[in-house]
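Worksheet for the structure shown next.
What you see is a predicted model, and the numbers here were worked out from it, not measured in a lab.
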Amino acid sequence: MLSRLLKEHQAKQNERKELQEKRRREAITAATCLTEALVDHLNVGVAQAYMNQRKLDHEVKTLQIQAAQFAKQTGQWIGMVENFNQALKEIGDVENWARSIELDMRTIATALEYVYKGQLQSAPS
């Protein structure tokens, strides 16, 4: 009877050990799956952040290039406007010079006409 009790006890202990071992393996498997899922989830976020950073870097480089081109083009436009302003000033100067010459020529023409009429009137007829 004692040996039967001992055998039953040992059998129950073996069953408990097997059940405990089975549960331990299941817990390890579940913990591994959880860890892998968490790492995968974090890796997706990290990968997305990395891709976003690469896109931002590319956009920054593109923007810098475009800004430099715009600055160069703006400088060219400013130069063209300054040249145009200078040309307008010169045209204005030429216009004023032409008016002055025209006024002088009219004055001379009037004086010559006056002298000519004076000579005609004083000439013997």
How many angstroms lie between atom [atom1] of [X] and atom [atom2] of [Y], to the nearest 0.5 angstrom?
X   : Y    : atom1 : atom2 : result
N96 : I101 : CG    : CD1   : 12.0 Å
Q10 : L5   : CD    : CG    : 11.5 Å
N85 : I78  : CG    : CD1   : 12.0 Å
Q13 : R16  : CD    : CZ    : 7.0 Å
T29 : L34  : OG1   : CG    : 12.5 Å
L38 : C33  : CG    : SG    : 11.0 Å

Could you check if a side-chain atom of [X] sits within less than 4.5 angstrom of a side-chain atom of [Y], using non-hydrogen atoms only?
X   : Y   : value
E90 : Q86 : yes
K72 : Q76 : yes
D57 : Q53 : yes

Worksheet item: Salt-bridged, E59 to K55, with N to O below 4.0 Å?
Response: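 Looking at K55 together with E59, the answer is no, because their closest N to O distance does not fall below 4.0 Å.
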
Discussion item. I'd like to know if K12 and E8 make a salt bridge, using a cut-off of under 4.0 Å between side-chain N and carboxylate O.
Written reply: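 The answer is no: the pair does not qualify as a salt bridge.
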
Discussion item. Test your reading of the model: is there a side-chain donor-acceptor pair from T32 to the backbone of I28, 3.5 Å cut-off?
Written reply: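 Present.
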
Worksheet item: When you check the side-chain N and O atoms of N14 and E18, is any donor under 3.5 Å from an acceptor?
Response: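 The criterion, which ignores hydrogens and geometry beyond distance, is not satisfied for E18 and N14.
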
Fill in: Candidate list E21, K22, E26, test side chain to side chain contact (heavy atoms under 4.5 Å, CB included), partner R24, passing option
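Only one of E21, K22, E26 forms a side chain to side chain contact (heavy atoms under 4.5 Å, CB included) with R24, namely E21.
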
Worksheet item: Passes side-chain contact (heavy atoms from CB on, under 4.5 Å), H58 versus R54? Steps please.
Response: CA-CA 6 Å; H58 177 71; R54 286 188 59 197; over 6 Å; no

Discussion item. Check for me, please, whether W97 and M105 land in the same ILVMFWY cluster - side-chain distances under 4.5 Å, paths through other members count.
Written reply: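 Yes, same cluster.
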
